[in-house]
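Quick note on labels: first sequence line is chain A, next is B, and so on, each numbered from 1. Side-chain atoms are counted along with the backbone in the values below, which use heavy atoms only and exclude waters and symmetry mates. Fair warning: this is a prediction, and the values are worked out from it, not measured in the lab.
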Amino acid sequence: MSLQRRIRRSAWLVLAPFFVFGLAFEIIPVLTLVRSSFSGEGGWTLANFGRAFTPAMVNSFRNSLQLSATTALLGVVGGTVVGYAIVTARSRFVRDALTALADVTANFGGAPLAFAFIVTLGSTGVVTLLLKAAGVSLYPSFRIYSVSGLTIAYVYFQLPLMILLIVPALLGLRREWREAATNLGATRAQYWLRVALPILAPSLLGSFLLLFANAFGAYATAWTLTGPDVNLVTVQIAALVRGEVQLDPALADALALVSLGVMAVCVLGYRWLATRPWRAVP
Amino acid sequence: MAYVELKNLNKAFAGKPAVRDFRLSLEKGEFVSLLGPSGCGKSTTLRMVAGFEEPDSGEVWLGDQNVLEVPPHRRGMGMVFQSYALFPHLTAWNNVAFGLRIAGRPAGEIRRRVAELLELVGLREAAGQYPRQLSGGQQQRVALARALAVEPRVLLLDEPLSALDAVVRVTLREEIRRIQSALGITTLYVTHDQEEALAISDRVVVMRGGWVEQVGTPEAVYAEPATQFVASFIGKMNQLPGVVERAGEGWVRWGDRRLVVPPAATAGLAEGRAVVVLVRPEAVAVAPADAGSAVPAAGENRVPASIDIVTFLGPLTRLSLQAGGQRLLADLTAGDRGRLQRGATVQLVFPAAACRLVAGESAGERR
């Protein structure tokens, strides 16, 4: 066996754990999901998908889509502004500290995040009580256990995630582009509208899609914070699997497959944007 | 009145001077190059003219207007950057049209002007391509067309060819000169490549450490370098450090030998004054060691030397020789090469008229 062939074989061996992991936790679950969602008592069927589009389920999709779009948009706008402030900060310490903070908070989600919001903005939360003492009553006009509360909680991890995604793109904006635009007569606003934002557009859109997918798939934060009060797809799937109201794994799988389709559209959209010929920055 | 006048420009970064007392006048249609090694202040000077850097002191006059208070986007300067700085999301056509659209020119005029400029730089076919689909040379042509589109009063080029390979660089520099001549646009060009500067400029400004060392035509800068630095930076130069022996006769003591230079060069210099005799390699002839009389002819220098390296350079052969304890160069045309070989002992012969004298400059000494 030639040396080259041996090297190639050992390279495959090194990758073997990855393939085993991918097979066990990605491929097989998806195949099981597909099989289960198209299965019924009499064999193959589309009935599960028929039940996935009842008014209650459609409403859960609508809520999930709205919540994901809103928090992704807020994350993109807020994250870009904060990201720009970070990359233009004069102090390296401030830059590094804010980036590290974004790194930590982007990964802070699920039940702990929900609990943090309950103890701060819940009906007896610290901030709620402090505001009340200052004469500002959040409740009952605002409730952390509602869609608007959920939006705030989601933005908590969406915004730092956006910062992490957009900072490399903002750093990729070259000084010469601004100078060239200025030299050609553009004002600061014209530079942003005609040069910087169009250059950043693939990154902004791609990040929006990733944030959208991130929010669409989130479950623990929503369940811990609002329980069944807010009707989201992930909450519906969990309820159907756990059998709290009714046990219907096949319907849960159908809902999960539709969700998977939404995620796939986001990821493919992101990939498409990443390969545009005019894409200049990461 | 000069078309562009830079008066006593000074600029320092973090207390370290980058440009010092820079003065220069450009006539309309003139092509002037700022030439010098990295960090000599040439790009900073250009950026002060463009308005991207604010001088600590000094003035930038365009005609009868001091433009220091004019924001960069209203100065009417067209700039070409080293890294091209093309907008990656726009095609070549839209890059060239950018400034015209900002200026709110009518669509018909934009179409005509962009087509004209892409034709001028030979890129009509590439109009629909994005920057990353173009070669480096093509990108720089688009950048040039883009800078020219807005009909700037002055064209500024900041090392526009340094990112390109040698062949493209030569072709493009000729293109730049052709276009500049055709349009008659006043041009300030920054480069660290002395060959490039000499080839395309009307005048060259040699800079070092923020100071201007010499301003002159390429011929003058090459033939009559004002300082030892200019002599060493522009082309190859033999530098023979010595002291004035007899000013009236044009004698200079170089080690244990006497060199003869034009008496006018030593006139007024005190005997014993440290000087450097400069001789271009092409002015040095090589004669057999035993040739000629022991006493050199009047106005001629003869120096015994041994050949170290013989380098074939196409139209000429360069000899590297040891003479008087230092390395000297002699460039011979193919016919003069004869049977010169490494290790041979020869005489270097160069006339006094080919010698130029500059003040000796000790290490680190500057003004």
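Side-chain contact check for B:T186 and B:E30: no donor-acceptor pair (N or O, by modelled atom type) lies under 3.5 Å. Inspection of the A:N183 and B:R75 side chains reveals no N or O donor paired with an N or O acceptor under 3.5 Å. No side-chain donor-acceptor contact under 3.5 Å links B:E159 and B:T191.
Only the side chain of A:Q190 comes within contact range of chain B, with at least one heavy atom under 4.5 Å from a heavy atom of that chain. For a residue to count as touching a neighbouring chain, one of its non-hydrogen atoms must lie under 4.5 Å from one of that chain's; by this rule A:R175 touches chain B with the side chain only. No part of B:L156 comes within reach of chain A, as not one of its non-hydrogen atoms sits under 4.5 angstrom from that chain.
Both tests hold for B:R146 against B:F87: distance to the six-membered ring centre under 6.0 Å, angle to the ring axis within 45°.
Of the listed residues B:S83, B:A149, B:P152, B:A147, the one with more heavy-atom pairs under 4.5 angstrom with chain A than any other is B:S83.
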